[in-house]
There are 2 protein chains.
Amino acid sequence: MLTIGTLAKRTGTKVQTIRYYEQIGLMPEPGRTEGGQRRYGNAELDRLAFIRHSRQLGFPLDAIRELLDLSDAPDRPCHEADEIARRQLKLVEQRMERLKALRAELKRMVKECSGGNAAQCRVLEVLRDHSECLTEHDQIGI
Amino acid sequence: MLTIGTLAKRTGTKVQTIRYYEQIGLMPEPGRTEGGQRRYGNAELDRLAFIRHSRQLGFPLDAIRELLDLSDAPDRPCHEADEIARRQLKLVEQRMERLKALRAELKRMVKECSGGNAAQCRVLEVLRDHSECLTEHDQIGI
DNA sequence: TTACATCCTCTAGCTACTGTAGGTTCAAGT
DNA sequence: ACTTGAACCTACAGTAGCTAGAGGATGTAA
């Protein structure tokens, strides 16, 4: 049986995060000692590892919830999981494109900084005037 | 004089966002009509455009605050602005690297999906076991 | 004058956690 | 058996950067 602290260490999670996952129903309510402390088994360890790994791949908690449901029902066809992964892949690719444009713009800003004072600063100038942009970057969420 | 709605339209901002910027001190308190409605001039339009453009380039509000301070003091040397931009560029480059690794992993997951049912699904399997990863991806914030 | 779009304040909610306060329990050492 | 100290407990507040809604006031054109 594992304490919450041990579980946290094994999965690279903070203790509070585990309690948070329990609160939102992503982790089950575990057994308790007489004194009221949580104790976990291997099933919970696996489940948390799954959650953490999915998070590292950028899946939002909602998607992870769906994936866990699928994982709990081995008979269901897997194209749903595939679709969730494809959706995530698409998102990642969109983010990459956006970051590429931003990087180009930032590189240009930094390169053109004259090193004088703020009045002539190209960095500030570029920020002041969107029309100077070489690239399009129209949504804000990165 | 511009109403808040016009200002919002001109800068591609939501009305609530402008009020939020005022609340956190990023935008100044504007003049009001007798009835209490906000009215803006061109200085505010420029300032908001600056803020929005900086946000689109991924600068956090704190950095934008610093940039606005610099922008308000044309005599200060510009290396501070340059440094903020460089910091942002570095962040963007880190994010790109991370996304590249994630994309590789997701592509592999999707490619190997057998199309059977959840029990044999590679997507779920890869998520279950981090050791199957081909790439390292250890922080969560994307 | 009337209609109605737009404005106002205030509050709560979103994601995914993280931190803190104040108190309890567990396990190891003596 | 007793003490000590790390780890646990709950509950609440805070983070970034907005966004949405309620319920009511104002501005403007016909």
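Letters A, B, ... are given to chains in the order of the sequence lines, protein chains preceding strands, and every chain is numbered from 1. Remember, it's a predicted structure, so these values are computed and weren't measured experimentally.
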Query raised in the report: Just how far, in rounded Å, is C1' of D/dC9 from CZ of A/Arg32?
Result: 8 Å
Report summary line: Of B/Pro60 and B/Thr3, the one whose nearest nucleotide on DNA chain D sits closer to the 5' end is B/Pro60
Query raised in the report: Rounded to the Å, how far apart are A/Gln23 CD and D/dA13 P?
Result: 14 Å
**Report entry** Electrostatic pair A/Asp82-A/Arg86, nearest N-O below 4.0 angstrom
**Finding:** yes
Query raised in the report: Could you state the CZ-P distance from A/Arg39 to D/dA7, rounded to the nearest angstrom?
Result: 13 Å
Query raised in the report: Looking at CD of A/Gln88 and CG of B/Leu102, how far apart are the two atoms once the value is rounded to the nearest 0.5 Å?
Result: 8.0 Å
Requested in this report: Assign B/Ile4 to base, sugar-phosphate, or nothing according to its heavy-atom contacts below 4.0 angstrom with the strands shown.
Outcome: sugar-phosphate
Query raised in the report: Going by an N to O cut-off under 4.0 Å, is there a salt bridge joining B/Lys100 and B/Glu97?
Result: yes
Query raised in the report: Between C/dC26 and A/Thr33, is there an OP1 or OP2 to side-chain N/O distance shorter than 4.0 Å?
Result: yes
Query raised in the report: Nearest to the side chain of A/Lys14 - C/dA16, D/dC18, C/dG19?
Result: C/dG19
Report task. Would you mind reading off the distance between B/Tyr40 atom OH and C/dT6 atom C1', rounded to a whole angstrom? Result -> 14 Å
Report task. Starting from P on C/dT6, measure out to CD on B/Gln16 and report it in whole angstrom. Result -> 13 Å
Requested in this report: Just call it for B/Arg19: base, sugar-phosphate, or nothing, with non-hydrogen atoms closer than 4.0 Å on any strand.
Outcome: base
Query raised in the report: Looking only at side-chain N and O atoms, does B/Tyr21 come under 4.0 Å of OP1 or OP2 in D/dC18?
Result: yes
Query raised in the report: Is any side-chain N or O of A/Arg52 closer than 4.0 Å to OP1 or OP2 of C/dC17?
Result: yes
Query - From D/dT19, D/dC8, D/dT10, nucleotide with atom closest to A/Arg38 side chain - result: D/dT10
Report summary line: When rounded to whole Å, the CD1 to C1' distance for the pair B/Ile51 and D/dG17 reads 13 Å
